[in-house]
Amino acid sequence: MTRQRLGRRQKAILDRLDHGDWVKGRALADDVGVLPPIIFNYVTRLRDRGFEIEGHNVRGYRLARRTAA
């Protein structure tokens, strides 16, 4: 899946997760400019589009595999 048809916030989330490190939902929310519960909705939509995003209650989120730009 390419990022070309994603919204600005979805792209920002993927850019932050693309480094392979775990990122807490609160940090993603601050970066994107939304409330933390909204991040879950964005991650769900990205997963529906085929992005393999892992989620962990304590660690946060990360991409299971790096994506193409």
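Just so you know, these numbers use all the heavy atoms, side chains as well, and skip hydrogens, waters and symmetry mates.
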Salt bridge (charged side-chain N to carboxylate O under 4.0 Å, His left out) partners of residues 34-45, not counting sequence neighbours, each pair once: none

Please name the pair of heavy atoms, one in V32 and one in A12, separated by the smallest distance, quoted to 0.1 Å. CG2-CB, 4.3 Å

Using a 4.5 Å cut-off on heavy atoms from C-beta on, say whether the side chain of H56 contacts that of Y61. no

Are F40 and L63 connected in the hydrophobic side-chain network, where two residues link if heavy atoms are under 4.5 Å apart? yes

With a 4.5 Å cut-off on side-chain heavy atoms, are R9 and V34 touching? yes

So do L46 and L6 actually touch side chain to side chain, heavy atoms under 4.5 Å? yes

Results of salt bridge (Lys or Arg N to Asp or Glu O under 4.0 Å) for D31 - residues two or more places apart only: R16

Pair listing, salt bridge (charged side-chain N to carboxylate O under 4.0 Å, His left out) test, anchored in residues 19-30, at least two apart: none

From L14 atom CG to R49 atom CZ, the distance as rounded to the nearest 0.5 Å: 10.0 Å

Looking at every non-hydrogen atom in both residues, tell me the closest pair between R47 and E54 and how far apart they are. NH2-C, 3.7 Å

Are side-chain heavy atoms of L28 and Y42 found at a separation under 4.5 Å? no

